[in-house]
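We count residues from 1, following the sequence as given.
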Amino acid sequence: MSAVRRVMALASTTLPTKSGLSLWCPSSPSLARRFPARFSPIGSRIASRGLVTASFANENREFVIVGGGNAAGYAARTFVENGMADGRLCIVTKEAYAPYERPALTKAYLFPPEKKPARLPGFHTCVGGGGERQTPDWYKEKGIEVIYEDPVTGANFEKQTLTTDTGKQLKYGSLIIATGCTASRFPDKIGGNLPGVHYIREVADADSLIASLGKAKKVVIVGGGYIGMEVAAAAVAWNLDTTIVFPEDQLLQRLFTPSLAQKYEELYRQNGVKFVKGASINNLEAGSDGRVSAVKLADGSTIEADTVVIGIGAKPAIGPFETLAMNKSIGGIQVDGLFRTSTPGIFAIGDVAAFPLKIYDRMTRVEHVDHARRSAQHCVKSLLTAHTDTYDYLPYFYSRVFEYEGSPRKVWWQFFGDNVGETVEVGNFDPKIATFWIESGRLKGVLVESGSPEEFQLLPKLARSQPLVDKAKLASASSVEEALEIAQAALQS
């Protein structure tokens with residue numbers, strides 16, 4: 001059959017939808033199994049078969065993932081599991097590495113050499129989720145094309161093309177945006193880019209920080225959230241003078257209760273970490289060698305530092321996709337429960353996606369590895385199969401600190417649910433403690449420090465079921481174990 005007749009045959013199998021768009025529906029049963037009807041408009045089908053000739057840098061054009069973080073790695077695995085990766089999938093990333101488990105960068109990756117730090121290829125995806133270690137060779141073996149160190153800088157949605165930083169032109173049929181976030185930075189005019197000032201999002205950032213930690217004496221960490229707490233714990237392992245500065249009056253204010261924060265702060269103090277709370281930064285000062293030498297606060301006081309780590313949050317890495325529909329209130333690219341944007345054939349997953357949080361009936365954007373993994377898997381399954389269930393995510397956060405060799409106490413807490421309503425705290429933090437959030441008599445969220453595997457497995461069941469609980473009975477529990485037994489019994493009532 002001639003190319004023209006093949007195009008006409010394809011065109012005859014398109015069906016109009018209510019929105020006026022066309023969905024390609026193969027007439028052959030075997031093709032229908034290979035190419036599910038929903039996942040790609042006719043233009044991408046024609047291009048993927050080579051019927052439209054153009055000079056594009058990517059050989060695999062059917063599916064393109066922009067971004068090389070956690071979400072990309074788990075999306076790639078899901079394509080492989082569905083038999084749709086080989087010769088069809090291309091990943092474009094600004095990094096020099098295959099997708100990896102990003103949380104390691106502020107945890108074990110920062111340990112000093114004598115304390116067995118984590119290093120690649122040890123934490124490539126999908127080891128964090130119990131899957132196979134997907135090294136660069138894994139992608140080659142699976143027929144997945146990866147373009148490294150060449151971020152996408154331009155997009156033409158009408159032509160379904162992308163432009164990279166080096167000028168490459170890429171073609172896609174279906175596009176998955178998995179660009180994650182970028183670290184919020186201090187302006188250059190207040191010293192935000194001085195030598196010795198660090199931000200952490202990628203391996204190169206962590207490597208640069210490690211080089212500084214090896215020479216440092218005094219470290220100042222700006223920010224009292226996850227990054228601040230984890231980097232400070234790592235700095236303790238290097239035996240450095242460590243200070244955390246933040247504007248709030250407690251650590252991790254968006255999650256911890258004041259009582260819980262106080263207990264963690266005391267643990268950090270016992271490890272030599274100093275706190276400057278309720279403080280804002282005026283500027284970072286440079287020494288005679290041009291490197292950062294001090295942090296000047298708004299009240300005029302200064303804190304000496306030869307290394308400064310800024311951990312003040314992140315913002316969605318929208319890049320060249322700013323013309324897509326955005327969620328202006330929470331940031332990020334607006335998607336539905338299948339991670340579809342308002343533009344046909346384009347999806348967004350992970351940190352960059354603003355999605356409907358079904359369990360609490362609100363829009364949200366989650367910057368967490370668990371969501372990156374799950375959103376990637378859900379999106380690809382929806383794209384490739386008849387899977388149409390709305391993403392039903394349960395918020396989950398955790399942290400692991402002081403886990404290096406020789407640490408007197410290793411810290412690992414997990415939280416599931418929503419931190420709304422009144423709280424009940426059980427336990428004395430030696431070593432366990434639990435906090436329960438209760439609203440209108442129902443258990444909405446729960447955090448446990450130093451739980452057993454069985455206790456940690458119980459937490460999502462409690463948070464998802466939201467059982468009615470007796471607050472007074474919970475508060476009278478003599479131990480975390482007893483409190484969890486009370487909560488578990490409420491599941492059956």
Asks: Decide yes or no for E449 and K263: does some side-chain heavy atom of the first lie under 4.5 Å from some side-chain heavy atom of the second?
Replies: no

Asks: Is the backbone N or O of L89 less than 3.5 Å from a side-chain atom of N60, with the two atoms forming a donor-acceptor pair by type?
Replies: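 Such a contact is found between N60 side chain and L89 backbone.
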
Asks: Could you walk me through whether T135 and D137 pass the side-chain hydrogen bond (donor to acceptor under 3.5 Å, both in side chains) test, one step at a time?
Replies: CA-CA 5 Å; T135 64; D137 286 341; 5.0 Å; no

Asks: Shortest non-hydrogen contact from G191 to L284?
Replies: O-CD1, 3.5 Å

Asks: Is any side-chain heavy atom of L209 less than 4.5 Å from a side-chain heavy atom of I200?
Replies: yes

Asks: Taking all non-hydrogen atoms of both residues into account, name the closest pair between A348 and T341 and its distance.
Replies: N-CG2, 4.1 Å

Asks: Quick one: does any side-chain atom of E149 pair with a main-chain N or O of A96 as donor and acceptor, under 3.5 Å?
Replies: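 Such a contact is absent between E149 side chain and A96 backbone.
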
Asks: Please indicate whether E158 has more than 12 foreign heavy atoms, meaning atoms of other residues, nucleotides or ligands, lying under 6.0 Å from its CD.
Replies: no

Asks: For K315, is the NZ atom crowded, meaning more than 12 foreign heavy atoms sit under 6.0 Å from it?
Replies: no

Asks: Give me the atom names and distance for the closest heavy-atom approach of P395 to L357.
Replies: CG-CD2, 4.0 Å

Asks: Under 30°, 30 to 60°, or over 60°: which ring-plane class applies to F402 and Y404, parallel, tilted or perpendicular?
Replies: perpendicular

Asks: Can you give me the closest heavy-atom contact between G225 and L252, atom names plus distance?
Replies: CA-CD1, 3.8 Å

Asks: Are there over 12 heavy-atom neighbours, none belonging to E59, within less than 6.0 Å of that residue's CD?
Replies: no

Asks: Quick one: does any side-chain atom of T343 pair with a main-chain N or O of I346 as donor and acceptor, under 3.5 Å?
Replies: no

Asks: I'd like to check K277 versus D249 (side-chain heavy atoms, cut-off strictly below 4.5 Å). Are they in contact?
Replies: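 A side-chain contact is absent here, since even the closest heavy-atom pair is not under 4.5 Å.
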
Asks: Take E95 and R102, measure what salt bridge (Lys or Arg N to Asp or Glu O under 4.0 Å) needs, and give me the verdict at the end.
Replies: CA-CA 12 Å; E95 294 199 62; R102 202 172 296 278; 3.2 Å; yes

Asks: When you look at CZ of R362, are more than 12 heavy atoms from neighbouring residues, nucleotides or ligands closer to it than 6.0 Å?
Replies: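 Counting neighbours around CZ of R362, more than 12 heavy atoms of other residues, nucleotides or ligands fall under 6.0 Å, so yes.
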
Asks: Surrounding CD of Q262 (heavy atoms of other residues, nucleotides or ligands, distance under 6.0 Å), is the total greater than 12?
Replies: no

Asks: For H371, enumerate each residue passing the ring pair (Phe, Tyr, Trp, His ring centres under 6.0 Å) test, keeping only those at least two apart in sequence or located in another chain.
Replies: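 Listed in chain order: F355, Y391, Y393.
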
Asks: Hey, what's the ring geometry for F397 with H368, parallel, tilted or perpendicular (30° and 60° as the breaks)?
Replies: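 F397 vs H368 ring planes: perpendicular.
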
Asks: Apply side-chain hydrogen bond (donor to acceptor under 3.5 Å, both in side chains) to residues Q334 and N327 and explain how you reach the verdict.
Replies: CA-CA 5 Å; Q334 183 88 18; N327 188 300; 2.8 Å; yes

Asks: Are the charged groups of D389 and K381 less than 4.0 angstrom apart, N to O?
Replies: no

Asks: I'd like to know whether E304 forms a salt bridge (Lys or Arg N to Asp or Glu O under 4.0 Å) with K218, so could you lay out the CA-CA distance, the side-chain angles of the two residues, the decisive distance to 0.1 Å, and finally the verdict.
Replies: CA-CA 7 Å; E304 291 185 6; K218 296 185 177 182; 3.0 Å; yes

Asks: Using atom types as modelled and distance alone, determine if a side-chain donor or acceptor of K171 lies under 3.5 Å from a backbone N or O of K159.
Replies: yes

Asks: Side chains of V222 and I281: closer than 4.5 Å at any heavy-atom pair?
Replies: yes

Asks: Considering non-hydrogen atoms only, spot the tightest contact between C126 and G73 and give its length.
Replies: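 Here C126 and G73 meet closest at SG-O, 3.8 Å.
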
Asks: Got a sec: does the NZ of K116 have more than 12 other heavy atoms crowding it under 6.0 Å?
Replies: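 No, NZ of K116 has 12 or fewer neighbouring heavy atoms, counting only those of other groups under 6.0 Å.
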
Asks: E230 and K107: salt bridge (Lys or Arg N to Asp or Glu O under 4.0 Å), yes or no, with the steps?
Replies: CA-CA 6 Å; E230 291 176 357; K107 299 178 177 68; 3.1 Å; yes

Asks: What heavy-atom pair brings Q250 and F256 nearest, and what distance separates the two atoms?
Replies: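 For Q250 and F256, the tightest heavy-atom pair comes out as NE2-O, 2.9 Å.
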
Asks: Donor-acceptor check, side chain of T242 to backbone of V273, threshold 3.5 angstrom: yes or no?
Replies: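 Not a single qualifying donor-acceptor pair exists.
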
Asks: Is S208 close to I210 at the side-chain level, that is, under 4.5 Å between some pair of heavy atoms?
Replies: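 Sidechains of S208 and I210: no contact.
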
Asks: Does a salt bridge link E248 with R254, judged by any charged N lying under 4.0 Å from a carboxylate O?
Replies: no

Asks: Can a donor-acceptor pair be found, under 3.5 Å and without considering hydrogens, that links the side chain of Y199 to the backbone of F186?
Replies: yes

Asks: Evaluate R409 against N271 for side-chain hydrogen bond (donor to acceptor under 3.5 Å, both in side chains), listing each step before the verdict.
Replies: CA-CA 10 Å; R409 175 175 175 179; N271 281 275; over 6 Å; no

Asks: Tell me every residue that passes ring pair (Phe, Tyr, Trp, His ring centres under 6.0 Å) with F79, counting only those two or more places apart in sequence or in another chain.
Replies: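 F63.
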
Asks: For the CZ atom on R374, are there more than 12 heavy atoms of other groups (residues, nucleotides or ligands in this structure) within a distance under 6.0 Å?
Replies: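 No, because the 6.0 Å sphere around CZ of R374 holds 12 heavy atoms or fewer from other groups.
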
Asks: Checking the side chain of D306 only, and the main-chain atoms of K217 only, is there a donor and an acceptor separated by less than 3.5 Å?
Replies: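 Checked: pair present.
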
Asks: Given Q169 and T163, is the side-chain hydrogen bond (donor to acceptor under 3.5 Å, both in side chains) satisfied, shown in steps?
Replies: CA-CA 5 Å; Q169 292 294 305; T163 304; 2.9 Å; yes

Asks: Counting C-beta onward and ignoring hydrogens, is there a side-chain heavy-atom pair between T161 and L170 closer than 4.5 Å?
Replies: no

Asks: Inspect the contact between R340 and D336 and indicate whether a charged nitrogen and a carboxylate oxygen are less than 4.0 angstrom apart.
Replies: yes

Asks: Test salt bridge (Lys or Arg N to Asp or Glu O under 4.0 Å) on K168 and D150; report intermediate values, then the result.
Replies: CA-CA 9 Å; K168 290 186 180 74; D150 201 4; 3.1 Å; yes

Asks: Please check this pair: side chain of Y268 against backbone of M229, looking for a donor-acceptor N/O pair closer than 3.5 Å.
Replies: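 Checked: pair present.
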
Asks: Can you tell if the side chain of P99 reaches within under 4.5 Å of the side chain of Q134, non-hydrogen atoms only?
Replies: no

Asks: If we check ring pair (Phe, Tyr, Trp, His ring centres under 6.0 Å) with Y396, which of these qualifies: F416, F415, F456, W413?
Replies: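 Going through the options one by one, the only one that passes is F416.
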
Asks: Tell me, do Y109 and P117 make a side-chain contact under 4.5 Å, heavy atoms counted?
Replies: no

Asks: Output yes when a side-chain donor or acceptor of H198 lies under 3.5 Å from a complementary backbone atom of T307, and no otherwise.
Replies: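 Side chain of H198 to backbone of T307, a donor-acceptor pair under 3.5 Å: no, none is there.
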
Asks: Report yes or no: does D289 contribute a side-chain atom to a donor-acceptor pair with the main-chain N or O of R291 at less than 3.5 Å?
Replies: yes

Asks: Measure the spacing between CD1 of I144 and SG of C90 and express it to the nearest 0.5 Å.
Replies: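 Going from the CD1 atom of I144 to the SG atom of C90 covers 10.0 Å.
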
